[in-house]
There are 2 protein chains.
Amino acid sequence: MTASSRPEHPRLRRTAGDRRAQLVQIGLELLPTTPVQELTIDEVARQAGISRSLLFHYFANKREYYTAVTRAAADLMWEHLMPSPGTPPEEQVEGMLDRYVGWVETFRETHLAFVRGAAGGDPWVAEVYQETRDRLVEVALTTLGLPDDALRRQLVLAWLAFAEELVGQWAAEPTMTRPELLALLRDVLARLTTR
Amino acid sequence: MTASSRPEHPRLRRTAGDRRAQLVQIGLELLPTTPVQELTIDEVARQAGISRSLLFHYFANKREYYTAVTRAAADLMWEHLMPSPGTPPEEQVEGMLDRYVGWVETFRETHLAFVRGAAGGDPWVAEVYQETRDRLVEVALTTLGLPDDALRRQLVLAWLAFAEELVGQWAAEPTMTRPELLALLRDVLARLTTR
DNA sequence: GTAGCTTGTTGAGCGTTGCTCAGCAAGCCG
DNA sequence: CGGCTTGCTGAGCAACGCTCAACAAGCTAC
């Protein structure tokens, strides 16, 4: 095949920022089909239309690459969850819960892949997700007007795990109405933090 | 080094069962230090004093090996949690909770590594753990005398995630007494399943 | 325009890891 | 001793992460 020896794209040169963003974007698109850590450099480079070597020009090693992808995924969710400025504090947790359920409903596969990748194996990836969870706990405690002690933090973290699991299951097989789900999550959180 | 060319153990021949058990055992011992999926065949074979090839005589591929290791870990926990026969039903959940906390207290690192490996990436490993969780949910529902419908199952599964996270955190930084922890877990489960 | 610089980009190649396969040899039977 | 079963090995391949020297695209300066 002589055609393959003459590349269709005649060598396109991008700025460093563009290329980095493109590579991370490709990683994000591959997330639902592949556990982060199993992304192969070959595959990513192929989809980007570049050589393997170039990826190592932007990321020192594979781990640095997929933690960047994980961080991008975490940031996407975080931005979606954050309340629009000006929302009164007592409505903020309510709204975030609602948006979280919506997020899982829309991106179930991707989100599950993200959570799994974050929970599993690699400490570097786990840390990225833990940061997001810590930030969520902090927002929850402050907007609920609760003191930020170790006990409450543990309870809210555990409640997060509860919510994640329940919403994930519910999205796959709705066993109650959406408002019921939201009310249940809110109730459990309230009971846990105000005992 | 001519010494290395003359092996100290002059070629020991084991039965198939022995060898399999030994290899799984080595995997179990490596669990706390290494995510299951990152166990290298080389390392395991080296510790067993055999060639890489032999491992593939017993396990078709790497995945089959580390799912076997994961299943062994799950079985160990399951056997530890199961109530001794003859225990009255109303005490069974109580006892299992107590033993679960004890299990995490004793094997915190290994157990966390196991849960993480099970949650993370590989679907085959995840399935092994999900089986254990499903069995736990079933035991919980039957001994509590509750109907086994989809809703309750989801709630108990989510509660398991809650308990896992809370106990894990608590073992690292005890924010309450052990009886308080047990009571809290029992309360949350009761409130969830009887609403 | 062309010389020269910066820097995005590549290809060849190395070490490790998962996996295969042909065949050796330990221990048992006749 | 010969032959059989089967635990076991070593050489070797393909895929992967990663390195390195060098090419070349596109800008600026004269």
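Residue numbering restarts at 1 for every chain, and letters A, B, ... go by the order of the sequence lines.
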Value in whole Å for how far the [atom2] atom of [N] lies from [atom1] of [X]:
| X | N | atom1 | atom2 | answer |
| --- | --- | --- | --- | --- |
| B:Arg14 | D:dT9 | CZ | P | 12 Å |
| B:Phe56 | C:dT20 | CZ | P | 7 Å |
| B:Asp122 | C:dG18 | CG | C1' | 15 Å |
| A:Arg46 | D:dC16 | CZ | P | 11 Å |
| B:Arg20 | D:dG7 | CZ | P | 12 Å |
| A:Leu55 | C:dT9 | CG | P | 12 Å |
| A:Ile50 | C:dT7 | CD1 | P | 19 Å |
| B:Asp18 | D:dT6 | CG | P | 16 Å |

>> Assigning hydrophobic clusters by single linkage (Ile, Leu, Val, Met, Phe, Trp, Tyr; side-chain heavy-atom cutoff under 4.5 Å), is B:Trp78 placed with B:Val101?
In response: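 Both belong to a single hydrophobic cluster.
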>> For a quick check of understanding: with a heavy-atom distance under 4.0 Å over all strands, which category does A:Tyr58 fall into, base, sugar-phosphate or nothing?
In response: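 Sugar-phosphate contact only.
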>> What's the closest nucleotide to the side chain of A:Asn61 if the choices are D:dC8, C:dT9, D:dC18?
In response: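 Selected nucleotide (nearest to the side chain): D:dC18.
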> With respect to the side chain of A:Arg13, which nucleotide from C:dG8, D:dC18, D:dG7 is positioned closest?
Replying inline: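 For the A:Arg13 side chain, the nearest candidate turns out to be C:dG8.
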> Which parts of residues 27-45 of chain B get close to DNA chain D, meaning a heavy atom less than 4.0 angstrom away?
Replying inline: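 Nucleic-acid contacts, sorted: none.
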With no hydrogens and no angle check, is any side-chain donor or acceptor of [X] less than 3.5 Å from a backbone partner on [Y]?
| X | Y | answer |
| --- | --- | --- |
| A:Tyr65 | A:Leu23 | yes |
| A:Gln92 | A:Thr87 | yes |
| A:Thr143 | A:Ala140 | yes |

> Do the charged groups of B:Arg178 and B:Asp98 touch, with an N to O distance under 4.0 Å?
Replying inline: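 Salt bridge flag = yes for B:Asp98 with B:Arg178.
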>> Under a 4.0 Å threshold between the charged nitrogen and the carboxylate oxygen, would B:Glu165 count as salt-bridged to A:Arg133?
In response: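 So A:Arg133 pairs with B:Glu165 through a salt bridge.
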> Do the rings of B:Phe114 and B:Tyr129 sit parallel, tilted or perpendicular, given the 30° and 60° boundaries?
Replying inline: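 Rings of B:Phe114 and B:Tyr129: perpendicular, as their planes differ by over 60°.
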Pairwise N/O distances under 3.5 Å, protein to nucleotides 10-14 of chain D:
from: D:dG10; atom 1: N7; to: B:Ser53; atom 2: OG; distance (Å): 3.2
from: D:dG10; atom 1: O6; to: B:Ser53; atom 2: OG; distance (Å): 2.3

> Side chains of A:Gln47 and A:Glu43: donor-acceptor distance under 3.5 Å anywhere?
Replying inline: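 A:Gln47 vs A:Glu43: donor-acceptor pair found between side chains.
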> A:His57 side chain N/O closer than 4.0 Å to the phosphate oxygens (OP1, OP2) of C:dT9?
Replying inline: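 Answer is no, no contact under 4.0 Å.
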>> Working note: B:Phe107 + B:Leu76, criterion side chain to side chain contact (heavy atoms under 4.5 Å, CB included); need CA distance, chi angles, decisive distance, verdict.
In response: CA-CA 11 Å; B:Phe107 302 110; B:Leu76 278 179; over 6 Å; no
